[in-house]
Peer 1: 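Sharing a structure, written as structure tokens. Questions coming.
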Amino acid sequence: MRILAILLCLTLAAAGENTPRASSSAAQHKRVQTPAPQLSDAAIEQAIKAKLAKSKMAANGFTVKVSNGTATIEGKANVIQHKGAMTRMAKAAGATRVLNNIQISEEAKAKARAKLAAGRRRAQVKRGDPRSQPR
């Protein structure tokens, strides 16, 4: 009886070696990355302009031109963060490269310098130090 059980186990084990396992078959199949579909320059430009029209930055009057997938953005901004936001917006719309020629106003630069001079906020408060300056 034991011999039959051993033979049965060996037969099942041998049959199991021939069948592919889920993990080994998954390892054999490599993921193939398909390139993102290329949008036309006009489609990218329209997408950027649509996103811009929905945002608060529309009041700045930025101009957008797209050529060979490269978005060129020009204009003036009174908020420093608008420059970076426009770059991210153009990339999200499908631009492969962004030339950001937005000029930041002196007023915005002075405001940023003043905030830096005032120091960091709570992130750099050490334990035991008071959280705010006494008045």
Side-chain angles (χ1 to χ4, degrees):
M1 191 70 171
R2 279 187 158 175
I3 296 174
L4 287 174
I6 293 172
L7 286 174
L8 181 63
C9 288
L10 289 174
T11 307
L12 291 175
E17 289 177 2
N18 293 334
T19 59
R21 295 181 183 164
S23 62
S24 65
S25 65
Q28 291 173 357
H29 296 293
K30 294 181 180 177
R31 289 188 181 186
V32 178
Q33 293 182 351
T34 57
Q38 294 293 328
L39 298 174
S40 68
D41 291 341
I44 295 170
E45 188 171 326
Q46 287 301 320
I48 294 170
K49 287 181 179 181
K51 287 177 180 275
L52 180 60
K54 292 179 184 178
S55 72
K56 294 179 181 180
M57 296 182 290
N60 290 330
F62 296 132
T63 60
V64 178
K65 296 176 187 170
V66 179
S67 176
N68 295 326
T70 301
T72 303
I73 306 168
E74 295 180 348
K76 293 184 180 182
N78 292 326
V79 179
I80 289 178
Q81 290 83 358
H82 287 183
K83 185 168 181 159
M86 279 302 299
T87 299
R88 289 188 298 277
M89 188 182 296
K91 287 278 192 176
T96 55
R97 194 169 147 216
V98 179
L99 297 176
N100 192 329
N101 297 329
I102 295 175
Q103 297 175 353
I104 306 299
S105 69
E106 289 300 320
E107 178 184 328
K109 289 178 184 177
K111 187 176 177 182
R113 273 190 232 106
K115 283 187 177 182
L116 276 174
R120 303 279 182 210
R121 293 188 201 140
R122 291 182 69 169
Q124 292 191 357
V125 173
K126 296 178 183 174
R127 292 178 194 246
D129 287 351
R131 295 229 179 242
S132 61
Q133 298 293 329
R135 292 184 185 194

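Computed from a predicted model, the values in this text were never measured in an experiment.
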Peer 1: Nearest 0.5 Å please: distance from the OG1 atom of Thr72 over to the NZ atom of Lys65.
Peer 2: 8.0 Å
Peer 1: Check whether any side-chain heavy atom of Ile102 lies under 4.5 Å from a side-chain heavy atom of His82, and answer yes or no.
Peer 2: no
Peer 1: Where do Asn60 and Ala77 come nearest, in terms of heavy atoms and distance?
Peer 2: ND2-CB, 4.3 Å
Peer 1: If I compare all heavy atoms of Ser55 with all of Met89, which pair ends up nearest, and what's the gap?
Peer 2: OG-CE, 4.1 Å
Peer 1: Is Met86 close to Leu52 at the side-chain level, that is, under 4.5 Å between some pair of heavy atoms?
Peer 2: yes
Peer 1: I'd like to know if Glu45 pairs up with Lys49 as an ion pair, taking the criterion as any Lys NZ or Arg NE/NH1/NH2 lying under 4.0 Å from an Asp or Glu carboxylate oxygen.
Peer 2: yes
Peer 1: Looking only at heavy atoms, which two atoms of Ala108 and Ile80 are closest? And how far apart?
Peer 2: O-CD1, 3.7 Å
Peer 1: Taking atom CG of Asn68 and atom OG1 of Thr96, what is their separation to the nearest 0.5 Å?
Peer 2: 8.5 Å
Peer 1: So, for Ile44 and Ala95, which heavy atoms are closest and what is the spacing to 0.1 Å?
Peer 2: CG2-N, 3.9 Å
Peer 1: Tell me the closest heavy-atom pair linking Asp41 and Gly69, and the distance in Å.
Peer 2: OD1-N, 2.9 Å
Peer 1: Count I, L, V, M, F, W, Y as connected when their side-chain heavy atoms are under 4.5 Å apart, and connections chain through other members. Are Leu39 and Val64 then in the same cluster?
Peer 2: yes
Peer 1: So how far is it from Met57 CE to Asn78 CG, rounded to the nearest 0.5 Å?
Peer 2: 13.5 Å
